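Step one of this worksheet: look at the structure below.
What you are looking at is a predicted structure, and each value in this text was computed from that prediction instead of being measured. Below, read A as the first sequence line, B as the second, and so on, with proteins coming before strands; counting in each chain starts at 1. FYI, side chains are in, hydrogens and waters are out, and symmetry mates aren't considered; it's all heavy atoms of this structure.
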Amino acid sequence: MRTHSCGELRPEHAGTTVSLAGWVATRREHGEKLAFVDLRDHTGVTQCVVDNSVDVRPEFVVRVTGTVAARPAENVNDKLPTGGIELQDCVVEILNAAEPPPFPISERADTVAENTRLQYRYLDIRRERMQRNLRIRSAVNSAIRRAMEDQGFVEVETPMLVPSTPEGAREFIVPSRQQPGSFYALPQSPQLFKQLLMVAGIDRYYQIARCLRDEDLRADRQYEFMQLDAEMSFASQDDVHAAIGAAVLAAAQAVGQDPGDIVKITWHEAMNRFGIDKPDLRFGMELQELTDVFASTEFKAFAGAVCIKGINASGKADEYGRNKLDQMTDKAKKMGAKGLVWLKVAADGSFESPVAKFLSADETAALTARLDAKPGDLLLIVADQWTTACEVLGTLRNDIGRPPVHQGPYRYLWVVDFPLFVGVDEASGRPKPGHHPFTQPHPDDVHLLETDPLQVRSQAYDLVLNGWELGSGSIRIHQPDLQARIFGLLGISQEEADRRFGFFLNPFKYGAPPHGGFAFGIDRLVAILAGEENIREVIAFPKTQSGQDPMTNAPTPVDAKQLDELGIRVLPPKA
RNA sequence: GGUCCCGUGGUGAAGUUGGAGUUCACGCCGGCCUGUCAAGCCGGAGGUCGCGGGUUCGAGUCCCGUCGGGACCGCCA
């Protein structure tokens with residue numbers, strides 16, 4: 001049907017007769033005998049010189065047969081890769097007519113309401129931007145597959161209809177026809193199955209897996225999303241990081257990027273330096289320790305504080321007026337801080353601040369040195385519990401300094417040694433698992449499990465890119481006695497564990513190898529690699545924030561007959 | 001569950017302290033035009049200002065509600 005694509009002809013093809021097929025991009029009329037038609041496919045655009053009597057309009061599907069001609073120098077279009085040639089003596093065959101599209105099939109549609117783009121997604125995808133994004137996604141997927149296969153990982157598909165488990169995210173539920181009143185759940189992740197594959201001797205498992213979570217949607221979250229899911233037997237944390245790192249490297253290289261070295265820092269260091277467990281390393285403004293500076297201060301807000309930390313928003317003094325500083329203070333208080341101290345550095349190096357008069361000369365000098373304060377800088381200080389001080393300043397650091405996620409450079413890092421438990425459940429007084437209850441504690445901290453559980457580090461880790469959490473993983477518990485200890489701490493009895501996790505835990509009695517794994521979000525990775533801020537831009541048919549699809553109108557009511565068969569009755573809407 | 005922003009011909013935008021007949025660009029339709037390339041020129045059609053209620057002599061504009069979209073908080077072991 002076609003001999004070439006619309007993006008490949010060059011002056012060296014001059015003289016050959018070719019056939020192109022595609023969509024009419026634009027038409028430029030020049031009188032009775034002459035018109036230019038730009039023919040478009042996913043590879044590009046080629047100008048065809050046609051007789052003006054040919055009645056084709058934008059988005060008509062046509063086949064054009066003609067002769068490639070080099071354009072004279074004055075007619076070359078430098079903006080097009082094919083701008084050195086055009087098709088002459090064209091025979092145009094209309095394969096399908098088309099109504100005018102609701103929005104232009106070009107970069108001009110970037111400003112069209114997203115709802116409209118989603119309603120006509122098949123036209124939106126016809127655009128260069130979406131073509132590019134989906135092709136990047138495909139290249140990333142295949143590069144990841146190749147990298148995993150090369151490392152001896154075996155792709156195993158796991159079921160979509162799985163039992164409901166009460167932990168974690170809210171699940172999508174699927175009614176059973178043969179067992180009315182019983183339900184399947186759609187998997188939040190293949191977590192349980194992949195660990196059983198380790199018991200089963202698969203040794204290295206991976207899957208580009210669809211996961212489903214019924215939680216509110218965001219720029220980086222859809223109900224359905226794809227993960228590179230992997231699990232390894234007889235592997236250390238470092239083994240897992242190396243394997244996943246190779247997949248990330250392959251993905252980046254597939255789009256012509258170099259991820260550089262993946263830095264590794266502990267969770268404690270991340271909190272201490274950046275105030276967040278997914279630090280964005282593209283900018284400085286690190287948290288500085290100030291507790292010692294104010295060890296014997298007269299300033300009441302700082303005196304006796306467990307932890308005092310500060311950041312220097314360099315050069316931001318003028319940008320942040322009283323109003324913005326008040327908003328920042330409110331935010332700090334909402335996050336649990338007792339307050340926020342700000343100081344602006346004046347031209348002579350002195351501090352402009354409501355609290356400047358409470359600081360001694362020594363303290364002022366030490367503060368200036370510690371934060372490397374220069375005229376025009378804005379200093380922000382929080383005195384509180386360590387966690388609060390870090391988190392508040394980490395949030396302000398991101399608010400003030402963080403560039404859009406897709407803006408290079410790309411700074412990948414592993415965050416390791418997450419705490420095994422995060423805080424205490426108010427109702428039960430029990431510690432809450434940070435990752436999931438099957439996470440292996442750090443070997444050096446196991447002895448603290450019963451005495452000081454909140455100090456126990458885990459063998460859990462996150463992969464972070466430019467402040468976005470790409471994914472997380474852990475070394476799992478494979479010893480039933482250790483698992484029982486953890487359940488004991490969580491207040492889960494043997495009976496309850498059997499009931500809730502029995503099908504998962506019983507297999508571990510039959511020879512479970514030490515194992516660990518990881519999963520990262522492909523949508524997020526592809527979005528960043530494609531330079532998009534929103535994962536919907538790299539998903540062919542995404543849902544809106546309210547979980548609807550403007551193209552298919554899903555979700556929709558179903559027939560009473562269908563509900564009947566499933567033994568389901570729908571309650572009337574709440575008044 | 002909450003906070004904030006948005007909704008005006010097919011598309012994107014403008015519309016002042018509430019005041020005459022909503023404005024502009026692109027697109028669309030018709031005409032002219034032999035070298036354009038987002039062609040150009042002339043003419044034309046196209047609107048429930050998301051929807052409902054209220055205030056007012058008068059509402060695109062103000063108020064309340066509602067629907068839809070987006071960003072974020074909660075949530076996402």
Side-chain angles (χ1 to χ4, degrees), chain A residues 25-40 45-52 57-59 69 71-80 82-86 88 99-120 123-124 165-171 188-189 191-192 211-223 225 327 330-331 334-335 395 398-399 404 418 420-423 425 431-439 458 460 469 472 474 486 490 492 500-501 519 521 533-534 536 543-548 550 553:
Chain A
T26 58
R27 170 197 178 95
R28 296 177 291 278
E29 299 185 323
H30 286 268
E32 203 179 341
K33 281 288 163 215
L34 177 67
F36 300 99
V37 167
D38 288 346
L39 191 64
R40 177 191 66 231
V45 161
T46 298
Q47 172 166 289
C48 306
V49 185
V50 304
D51 189 286
N52 205 353
R57 291 153 195 253
E59 303 315 315
R71 298 199 205 176
E74 66 272 21
N75 286 344
V76 167
N77 183 351
D78 293 327
K79 284 185 265 179
L80 286 180
T82 61
I85 57 96
E86 63 191 6
Q88 294 184 343
E99 290 182 16
F103 51 80
I105 310 302
S106 72
E107 74 288 345
R108 292 189 203 183
D110 285 344
T111 54
V112 171
E114 193 179 354
N115 212 37
T116 307
R117 291 176 54 204
L118 293 181
Q119 187 184 347
Y120 299 93
L123 297 180
D124 191 36
T165 51
E167 273 63 39
R170 189 182 298 115
E171 299 168 317
Q188 304 169 34
S189 79
Q191 183 66 36
L192 306 182
C211 305
L212 298 106
R213 295 178 189 173
D214 187 4
E215 299 289 352
D216 287 357
L217 275 37
R218 291 287 159 75
D220 61 350
R221 284 174 9 201
Q222 282 275 304
Y223 285 152
F225 58 99
Q327 285 172 10
D330 284 349
K331 189 161 188 175
K334 269 185 196 153
M335 293 184 66
T395 300
N398 269 351
D399 287 352
F418 271 75
L420 189 63
F421 302 107
V422 283
D425 185 78
K432 295 185 289 188
H435 186 55
H436 58 54
F438 317 115
T439 305
S458 70
E469 180 192 324
S472 60
S474 63
I486 299 291
L490 298 174
I492 299 171
R500 282 163 60 177
F501 307 112
E533 297 185 61
N534 191 309
R536 294 190 297 273
K543 305 275 191 290
T544 66
Q545 205 166 66
S546 63
Q548 295 175 302
N553 288 323

(message) Quick check: do A/P550 and A/R117 have side-chain heavy atoms less than 4.5 Å from each other?
(response) no
(request) Tell which nucleotide pairs with B/rU34, taking only Watson-Crick or G-U wobble pairs whose two distances are both under 3.5 angstrom. (result) none
(request) Would you tell me if any nitrogen or oxygen in the side chain of A/R28 comes within less than 4.0 Å of OP1 or OP2 on B/rA39? (result) yes
(message) Base of B/rG35, side chain of A/E86 - is there a donor-acceptor contact under 3.5 Å?
(response) yes
(message) Once hydrogens and angles are ignored, does a donor-acceptor distance under 3.5 Å link the base of B/rU36 to the side chain of A/Q47?
(response) yes
(request) Considering only atom C1', compute the distance from B/rC73 to B/rU8 and round it to an integer number of Å. (result) 32 Å
(message) Any salt bridge linking A/R536 with A/E114? Criterion: basic side-chain nitrogen under 4.0 Å from a carboxylate oxygen.
(response) yes
(request) Just call it for A/R536: base, sugar-phosphate, or nothing, with non-hydrogen atoms closer than 4.0 Å on any strand. (result) sugar-phosphate
(message) Can you give me the closest heavy-atom contact between A/L420 and A/S458, atom names plus distance?
(response) CD1-CB, 3.5 Å
(request) Using a heavy-atom cut-off of under 4.0 Å over every strand shown, decide if A/E74 touches base, sugar-phosphate, or nothing. (result) nothing
(request) Pick base, sugar-phosphate or nothing for A/R71, based on heavy-atom distances below 4.0 Å to the nucleic acid. (result) base
(message) What's A/D214 touching, base or sugar-phosphate or nothing? Going by heavy atoms closer than 4.0 Å.
(response) nothing
(message) Check this for me, if you would: do A/E59 and A/R40 make a salt bridge, where the nitrogen-to-carboxylate-oxygen distance has to be below 4.0 angstrom?
(response) yes
(request) Determine: side-chain N/O of A/T26 to OP1/OP2 of B/rC37, distance under 4.0 Å, yes or no. (result) no
(message) Pairing check on B/rU22: which nucleotide meets the Watson-Crick or G-U wobble criteria with it, both distances under 3.5 Å?
(response) none
(message) Would you say A/Q188 places a side-chain N or O within less than 4.0 Å of OP1 or OP2 belonging to B/rC76?
(response) no
(request) Mind checking A/D399 for me? I need base, sugar-phosphate or nothing, with any heavy atom below 4.0 Å counting as a touch. (result) nothing
(request) Could you check whether A/S106 gets within reach of a base, just the sugar-phosphate, or nothing at all, counting any heavy atom under 4.0 Å? (result) nothing
(request) Using a heavy-atom cut-off of under 4.0 Å over every strand shown, decide if A/D216 touches base, sugar-phosphate, or nothing. (result) base
(request) Nearest-nucleotide wise, let me know which of A/G31 and A/S546 is further upstream toward the 5' end of RNA chain B. (result) A/G31
(request) For B/rA25 versus B/rC41, give the span between their P atoms, rounded off to a whole number of Å. (result) 11 Å
(request) Look through every strand shown and name the nucleotide pairing with B/rA59 as Watson-Crick or G-U wobble, where both distances are under 3.5 Å. (result) none
(message) By the 4.0 Å heavy-atom rule, please label A/P58 as base, sugar-phosphate, or nothing.
(response) sugar-phosphate
(request) Decide yes or no for A/K331 and A/D399: does some side-chain heavy atom of the first lie under 4.5 Å from some side-chain heavy atom of the second? (result) yes
(message) Applying the Watson-Crick and G-U wobble criteria at under 3.5 Å, what pairs with B/rG43? Answer none if nothing qualifies.
(response) B/rC29
(message) Categorize A/K334 for me: base, sugar-phosphate, or nothing, with a 4.0 angstrom heavy-atom threshold over every strand shown.
(response) nothing
(message) Using the salt bridge (Lys or Arg N to Asp or Glu O under 4.0 Å) criterion, which residues pair with A/E533? Sequence neighbours excluded.
(response) none
(request) Report, as a single string ordered 5' to 3', how protein heavy atoms within less than 4.0 Å touch nucleotides 6-12 of chain B: B base, S sugar-phosphate only, - not at all. (result) ----SSS
(message) List the residues meeting side-chain hydrogen bond (donor to acceptor under 3.5 Å, both in side chains) with A/D110, not counting sequence neighbours, and say none if there are none.
(response) A/R127, A/R129
(message) Does the structure show a Watson-Crick or G-U wobble partner for B/rG68, both distances under 3.5 Å? Name it, or say none.
(response) B/rC6
(message) Can you work out whether A/F36 or A/P437 has the more 5'-proximal nearest nucleotide on RNA chain B?
(response) A/F36
(message) Taking the C1' atom in each of B/rU23 and B/rG65, what is the distance between them to the nearest angstrom?
(response) 30 Å
(message) OP1 or OP2 of B/rG70 versus the side-chain N and O atoms of A/R218: is any pair under 4.0 Å?
(response) no
(request) Please determine if a side-chain N or O atom of A/Q548 lies less than 4.0 Å away from the OP1 or OP2 oxygen of B/rG69. (result) yes
(request) Decide, yes or no, whether a salt bridge links A/D216 with A/R221 under the criterion of side-chain N to carboxylate O below 4.0 Å. (result) no
(request) May I ask you to say what A/G434 touches in the nucleic acid, namely base, sugar-phosphate or nothing, with a heavy-atom cut-off under 4.0 Å? (result) sugar-phosphate
(request) State, yes or no, whether a side-chain contact exists between A/N77 and A/R71 at a heavy-atom distance under 4.5 Å. (result) yes
(request) Classify the nucleic acid contact of A/R221 as base, sugar-phosphate or nothing, counting any heavy atom under 4.0 Å across all strands shown. (result) base
(message) Whether A/R57 contacts B/rC29 is assessed here as follows: a side-chain N or O lying under 4.0 Å from the phosphate OP1 or OP2. Is that the case?
(response) yes
